[in-house]
Protein chains: 2
Amino acid sequence: MTNKNPTLSDVARASGVHFSTVSRVMNPATRQMVSAEVAARVLAEAGRLGYRPNRAASTLVTRKSRIIGVVLPDITNAVFPPILLGIEEGLRKHGYLAIVANVGADEEEQLFVINRLLGQQVDGLILATARRDDPVIKMCIDQNVPVVTVNRSDENGVASCVVSDDVVGMRLAVEHLLALGHRHIAHIAGPENLSTGHVRRLGFLAAIQASELAPSQAFVFESSGYSRECGKAALLELLSQSPQTTAVVTGSDLVALGCYDAIRELGLSCPEDISVVGHNDMPYMDMIRPPLTTIRIRHHGIGTEAARLILQTIASPDSPVLDVRLKPELVVRESTAAPRA
Amino acid sequence: MTNKNPTLSDVARASGVHFSTVSRVMNPATRQMVSAEVAARVLAEAGRLGYRPNRAASTLVTRKSRIIGVVLPDITNAVFPPILLGIEEGLRKHGYLAIVANVGADEEEQLFVINRLLGQQVDGLILATARRDDPVIKMCIDQNVPVVTVNRSDENGVASCVVSDDVVGMRLAVEHLLALGHRHIAHIAGPENLSTGHVRRLGFLAAIQASELAPSQAFVFESSGYSRECGKAALLELLSQSPQTTAVVTGSDLVALGCYDAIRELGLSCPEDISVVGHNDMPYMDMIRPPLTTIRIRHHGIGTEAARLILQTIASPDSPVLDVRLKPELVVRESTAAPRA
DNA sequence: CTGAAAGCGCTTACAG
DNA sequence: CTGAAAGCGCTTACAG
């Protein structure tokens with residue numbers, strides 16, 4: 001970029017008008033303030049010179065950057081790419097761009113990144129890092145930064161969220177296992193400080209309660225995270241505590257994969273000895289062995305909705321805080337079957 | 001953001017100094033121009049007020065945004081998330097942020113997005129969309145925009161690239177199959193207009209040539225894309241044209257998955273009837289049935305290198321165009337075996 | 001309908 | 001070491 005890019009003044013000079021007139025022409029909203037012939041001439045010159053509005057300058061004066069910050073906890077977790085895609089498509093359709101940052105669970109790092117994003121004058125934030133009680137989100141709201149959380153929610157009701165309806169998802173999973181004849185069902189719950197961990201656990205319990213199973217026929221084991229390793233360790237421990245278990249519903253496909261590992265290590269087989277239900281329906285879950293029965297979440301739709309919501313929140317800062325819950329669906333494959341007679 | 005954020009002037013007023021002094025303090029590089037006591041006072045006030053430099057303003061005057069545009073062809077393709085992660089980590093370490101845009105193969109769309117990114121004053125572009133002869137890249141170079149391509153390269157030598165060493169990768173695959181005793185090996189090549197398609201094909205041919213196989217014992221079939229569907233169609237057609245084939249090396253795990261589909265549809269089995277080698281080693285390729293033998297590419301490392309290279313190109317615009325090739329490795333799993341006797 | 005001016009929040013020569 | 005000033009490229013009242 002050694003030869004500097006053309007500016008409004010360059011186009012103005014080439015068109016023989018004042019640069020403020022060029023500004024009006026370049027903005028579709030103010031274009032009709034200018035006579036059609038002048039507008040046409042200006043547009044032609046702008047095209048000829050390859051004029052491109054400098055967003056740093058317009059951001060400075062309008063205080064709107066048309067950029068949204070997107071903060072993800074782990075882009076390599078397969079649930080996030082389709083969410084990100086939905087966000088990006090939804091934003092771009094309205095002329096917005098996304099700055100994407102991947103951050104760990106460390107609060108200091110999250111604050112650092114968010115401050116950098118705010119310094120960049122993002123118009124709003126889409127956070128996939130929400131905890132049920134998230135001081136980072138509180139900080140954003142206190143500063144009047146529009147925030148929407150995706151996948152997870154902050155339960156203080158300060159920010160709109162777009163999530164899967166986890167209560168429905170768990171009911172689908174439990175009802176499927178009950179219909180297959182299972183009478184000892186366990187749940188490997190995710191971390192209690194995340195809405196996904198908490199709500200899926202509640203959903204599991206509610207589904208059991210609605211059934212004819214006694215509380216003692218359901219078992220909940222909390223796993224420390226949503227990884228394959230955690231899933232393996234969890235199932236191993238769970239089975240030692242509750243050996244009569246014939247079916248386990250997880251809060252994540254990754255955890256389900258870990259269950260496969262544990263089952264293999266124990267010399268058991270799925271679904272013959274243990275049925276496993278995943279959660280998310282990540283790509284390729286139909287190709288693994290056995291193909292995974294899971295709760296399909298509409299990741300792309302979550303992203304699209306989040307984009308829509310953040311833009312709405314920016315447009316009307318006083319619009320109410322919304323909980324958008326997309327309905328999941330049960331995908332039955334081969335990791336679930338009737339328990340051994 | 002109704003209460004406007006504090007500016008340099010606010011901090012200056014609170015500290016009793018001129019705002020240009022505050023500016024010097026806020027920038028570590030100019031901080032030593034200011035007396036230690038004043039600097040300390042200013043820093044304290046800045047912290048108290050929650051001062052956050054407005055990047056739109058600094059971008060306007062310095063003409064550097066510390067933002068890099070990252071353009072991806074398909075973020076939901078599992079090879080890109082780890083690349084993106086590597087890029088983002090590499091950039092952030094140096095104070096840079098990434099704007100991520102997902103674009104199709106449509107050239108108009110690519111140009112539109114890149115122009116929007118340039119208007120945003122990105123300091124450089126990392127493109128994962130390169131074609132072997134890419135007019136979009138030429139356009140960027142003509143405008144002196146620093147560009148690095150990842151995963152694929154433009155072969156005109158105008159932009160640095162960070163790719164996997166595909167010639168080595170294909171040699172590893174072919175040698176593995178030869179060692180197993182295969183004598184009729186086929187390659188499902190990717191699109192010729194992509195460097196991955198072209199170079200992997202050349203690598204395959206070179207590896208065959210270096211062997212004792214006759215050219216007639218090797219067969220190349222060009223697939224129209226890197227998808228599971230394309231892979232299935234390709235293997236079906238390939239086997240009808242070259243039925244003696246006992247092993248196929250693909251240019252993508254996705255294509256390999258499609259091969260599995262085709263093999264299943266034909267009532268054959270892998271690896272007994274046909275050995276399959278993938279390319280990339282996407283996540284979960286160890287969990288599918290059969291676990292996929294594949295060429296592992298260092299995606300995260302590619303991202304990290306790309307970040308390093310683009311920053312270097314920005315810092316020294318005249319630094320030479322580089323081809324960075326990371327070495328892949330063969331991961332032997334269960335989709336390859338000796339051919340039937 | 002068009003122009004002239006002010007100002008957004010910074011950086012950075014230039015004085016002192 | 002610190003201040004005063006100019007200017008980055010825009011938008012948008014305010015005149016005419």
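Convention: sequence-line order gives letters A, B, ...; per-chain numbering from 1. Just so it is clear, the model here is predicted, and its values are computed rather than measured.
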Inset, instruction - Please check if the side chain of B:Asn102 supplies one atom and the backbone of A:Leu85 the other of a donor-acceptor pair under 3.5 Å. - result: no
Inset, instruction - Could you summarise the pairing of DNA chain D as dot-bracket text, marking Watson-Crick and G-U pairs under 3.5 Å with ( ) or [ ] inside the strand and | across strands? - result: |||.||||||||.|||
Legend entry - First of B:Asn27 and B:Ala56 reached from the 5' end of DNA chain C, by closest nucleotide: B:Ala56
Inset, instruction - Could you pull out the closest heavy-atom pair between B:Ala56 and A:Thr59, with the gap in Å? - result: CB-CG2, 3.7 Å
Legend entry - Full working for side chain to side chain donor-acceptor pair (under 3.5 Å) between A:Thr76 and A:Asp74: CA-CA 5 Å; A:Thr76 64; A:Asp74 180 11; 2.6 Å; yes
Inset, instruction - Would you check if B:Leu326 and B:Ile297 make a side-chain contact, meaning some heavy-atom pair closer than 4.5 Å? - result: no
Legend entry - All side-chain contact (heavy atoms from CB on, under 4.5 Å) counterparts of A:Lys138, not counting sequence neighbours: A:Asp133, A:Asp142, A:Asn156
Inset, instruction - Let me know, please, whether B:Thr21 or B:Ala57 comes out on the 5' side of the other along DNA chain D by nearest nucleotide. - result: B:Thr21
Legend entry - Minimum side-chain heavy-atom gap B:Arg131-B:Leu194 below 4.5 Å: yes
Inset, instruction - First locate atom CG of B:Leu60, then atom OG of B:Ser65, and finally report the distance between them rounded to the nearest 0.5 Å. - result: 12.0 Å
Inset, instruction - Determine whether B:Val158 and B:Val321 make a side-chain contact, defined as any pair of heavy atoms from C-beta on separated by less than 4.5 Å. - result: no
Legend entry - DNA chain C-proximal residues of residues 31-51 of chain B, any heavy atom under 4.0 Å: B:Tyr51
Inset, instruction - Please round to the nearest 0.5 Å and tell me the distance separating atom CD1 of A:Ile75 and atom CG of A:Leu72. - result: 5.0 Å
Inset, instruction - Nearest 0.5 Å please: distance from the CG atom of B:Asp134 over to the CZ atom of B:Arg132. - result: 12.0 Å
Inset, instruction - With a 4.0 Å heavy-atom cut-off, tell me which residues in residues 60-67 of chain A come close to DNA chain C, sorted by residue number. - result: A:Leu60, A:Val61, A:Arg63
Inset, instruction - Identify the 5'-most and 3'-most nucleotides of DNA chain C with at least one atom closer than 4.0 Å to a non-hydrogen atom of chain A. - result: C:dC1 to C:dG9
Inset, instruction - Identify whether any heavy atom of B:Ser23 sits under 4.0 Å from a base atom; if not, whether one sits that close to sugar-phosphate; answer base, sugar-phosphate or nothing. - result: base
Inset, instruction - May I ask you to decide if A:Leu97's main-chain N or O and A:Glu88's side chain share a donor-acceptor pair within less than 3.5 Å? - result: no
Legend entry - Partners passing side-chain contact (heavy atoms from CB on, under 4.5 Å) against A:Arg48 (at least two apart in sequence or in another chain): A:Ala14, A:Glu45
Legend entry - Closest approach of B:Pro320 to B:Ser160 (non-hydrogen atoms, all atoms of both residues): O-OG, 4.0 Å
